Amino acid sequence: VIAVHDEVLRVGRLTTFNMIHEYQQYASALAFNQKREPKVYVDPNFSWLSIGTETMDLAKFRQGIQTLLQQVEDRYLKLTHGRIMLEDMPDGVHDDMTNSTRGHSFAMHKSFHPLQLKLFCHLVEEYGLAMVDRSGVLSWDIPAVKDILRQSGDVWKPLYHLLYITPQISTRSVQFLQHHISNSDRHRNIFVEAKEVFFLSGYSKTTHMTDRDACTPAFVNPKVARWLVEFLAGGLREAESILAQVAYGDSAQHDYKTFLVMDSGSRIHPDQWYATFKQTNREVFQCSWGVRSFRQGAIAMAREFISPNHAFAAADDLLAEGADHSTEIDHAHYGNLRGSIPELSNNAVEKHRWLGNEWHSFCGLGPFEPQE
């Protein structure tokens, strides 16, 4: 304690602010000098990780991801009575990232126009959601419409879980729940380019940090992306938005057209997401990690199993040196990804694509075998 006192406290003119500041330093020094247990414990054989009393077995983690993928397919086919609208991503889908028109999304590409209302009409007919009487008046079966929205929410839930844990190593829950599928008060987050689907997350703590990308690209694994494109561009979200207007009003329709994470006529709130995320982890991975524990665990997994690649930093430095300017200037002004996304160079995109492939492989989704 005396050593801490001599190191932290200093003699000077006494003021109220100085005294509070000094005591804060003193209390912090005492707290930080205490021994603390590690937040994450990694098995010496690298087969499991432990946080607190909960243990994540890596084999169960990878198997759980396959289980979630199967749940998405099974629930969707049950809802549509075996119908799939998109067998594969259409060729020639080039997303205009510069388009800031309100309501615009990649699903408005001309390749998807013939599918826009097919699934909606199919669901109305299959489930008898509406009828026209002799006088030509359309009547909706509101309880049945709400039940369809509940079922479609169940279809989305395992996909939400996959979109939360597989595109990025570390995902912020509040930011994930804010993802826009179309332009609104904020620019959308989901883009499609050359059969690749990726998120651009710009509303995070790194936004105001120097020498960092203004937004972070997160590439969605193709096995997950095919279902995201099926749901957003194949007609499911369009059907949900129309039925939400019938059952819950214009505000619900707007939310379905704007936000990614929806359920039963409304947006999923953070507390609801935290509880659902933990419950799903318990059921699928046999590990009750919540969002904070999973974040710690995912970062630990990546540090243990993904080797750093310094080639990107070397390329950045060499490209900047060859142009006779700094790396910061190179990022800000040269070789930027086409579109309205600042400070996101082609090299930065390739770096995040490499990291995404490494994380996808660790999760058992390919394109490579899981790291050992």
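Fair warning: this is a prediction, and the values are worked out from it, not measured in the lab.
- The closest donor-acceptor contact from the side chain of Arg188 to the backbone of Ile190 lies under 3.5 Å.
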Would you please test Trp359 and Gln168 for side chain to side chain donor-acceptor pair (under 3.5 Å) and show each step?
CA-CA 8 Å; Trp359 178 245; Gln168 287 179 294; over 6 Å; no
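- Between Tyr76 and Trp227, the two ring planes are perpendicular [angle over 60°; tilted spans 30° to 60°].
- In this structure the side chain of Pro143 reaches within 4.5 angstrom of the side chain of Asp141, judged on heavy atoms.
- For an aromatic pair to be called close, the ring centres must be under 6.0 Å apart, and Phe277 with Tyr164 satisfies this.
- In this structure a side-chain-to-backbone donor-acceptor pair under 3.5 Å is present from Asn281 to Trp289.
- Side-chain N/O atoms of Ser47 and Asn45 include no donor and acceptor closer than 3.5 Å.
- Between Arg102 and Asp185 there is a salt bridge, with a side-chain nitrogen of the basic residue lying less than 4.0 Å from a carboxylate oxygen of the acidic one.
- The pair Lys78-Asp74 does not meet the salt-bridge criterion, since no charged nitrogen lies less than 4.0 angstrom from a carboxylate oxygen.
- A donor-acceptor distance shorter than 3.5 angstrom exists from the side chain of Arg75 to the backbone of Asp154, with no hydrogens or angles considered.
- Taking the centre and axis of the six-membered ring of Phe231, the NZ or CZ atom of Arg237 falls outside the cone set by 45° and 6.0 Å.
- Between the Asn189 side chain and the Leu200 main chain, a donor and an acceptor come within less than 3.5 Å of each other.
- Atom NZ of Lys118 sits in a sparse spot, with 12 or fewer heavy atoms from other residues, nucleotides or ligands closer than 6.0 Å.
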Identify all side-chain donor-acceptor contacts of residues 120-132 below 3.5 Å with residues at least two apart in sequence or on another chain.
from: His122; atom 1: ND1; to: Arg83; atom 2: NH1; distance (Å): 3.3
from: His122; atom 1: NE2; to: Thr80; atom 2: O; distance (Å): 2.9
from: Glu126; atom 1: OE1; to: His81; atom 2: ND1; distance (Å): 2.7
from: Tyr127; atom 1: OH; to: Leu79; atom 2: O; distance (Å): 2.7
from: Tyr127; atom 1: OH; to: His81; atom 2: NE2; distance (Å): 3.3

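- Looking at Gln66, its side chain does come within 3.5 Å of a backbone N or O of Gly364 through a donor-acceptor pair.
- At least one side-chain heavy atom of Tyr160 sits less than 4.5 Å from a side-chain heavy atom of Met262.
- Side chain to side chain, Gln245 and Asp250 meet the donor-acceptor criterion of an N or O pair below 3.5 Å.
- Remark: Asp88 does not engage Arg226 in a salt bridge, criterion side-chain N to carboxylate O under 4.0 Å.
- The ring of His179 has its center closer than 6.0 angstrom to the ring center of Phe176.
- For Phe219 and His352, the ring centers are positioned 6.0 Å apart or more.
- Here the side chain of Glu358 pairs no donor or acceptor atom with the backbone of Ile306 at under 3.5 angstrom.
- Residues Ser241 and Gln253 bring no donor and acceptor atom of their side chains to less than 3.5 Å of each other.
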Where do Val229 and Phe106 land on the side chain to side chain contact (heavy atoms under 4.5 Å, CB included) test, with the steps shown first?
CA-CA 9 Å; Val229 175; Phe106 80 87; 4.3 Å; yes
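- Side-chain contact between Val220 and Leu163: present, with at least one pair of heavy atoms (C-beta onward) separated by less than 4.5 Å.
- Between the side chain of Ser105 and the backbone N or O of Ser182 there is no donor-acceptor pair closer than 3.5 Å.
- For the pair His113 (side chain) and Met108 (backbone), a donor-acceptor distance under 3.5 Å is present.
- Between Glu304 and Gln371, the side chains place no donor N or O within less than 3.5 Å of an acceptor N or O (distance only, hydrogens not considered).
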What do the steps show when you test Tyr41 against Leu49 for side chain to side chain contact (heavy atoms under 4.5 Å, CB included), and what is the final call?
CA-CA 6 Å; Tyr41 183 82; Leu49 293 88; over 6 Å; no
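- Within a 6.0 Å sphere centred on NZ of Lys195, other residues, nucleotides and ligands contribute more than 12 heavy atoms.
- Side chain of Asp133 to main chain of Val137: a donor-acceptor pair is present (N/O by atom type, distance under 3.5 Å, no hydrogens or angles).
- Counting only N and O atoms by type, the side chains of His104 and Asp96 include no donor and acceptor under 3.5 Å apart.
- Other residues, nucleotides and ligands contribute over 12 non-hydrogen atoms within 6.0 Å of the CZ atom of Arg282.
- You'll find the side chain of Phe285 reaches within 4.5 Å of the side chain of Leu68, heavy atoms only.
- Using a 4.5 Å cut-off on side-chain heavy atoms (C-beta onward), Pro370 and Phe305 make no contact.
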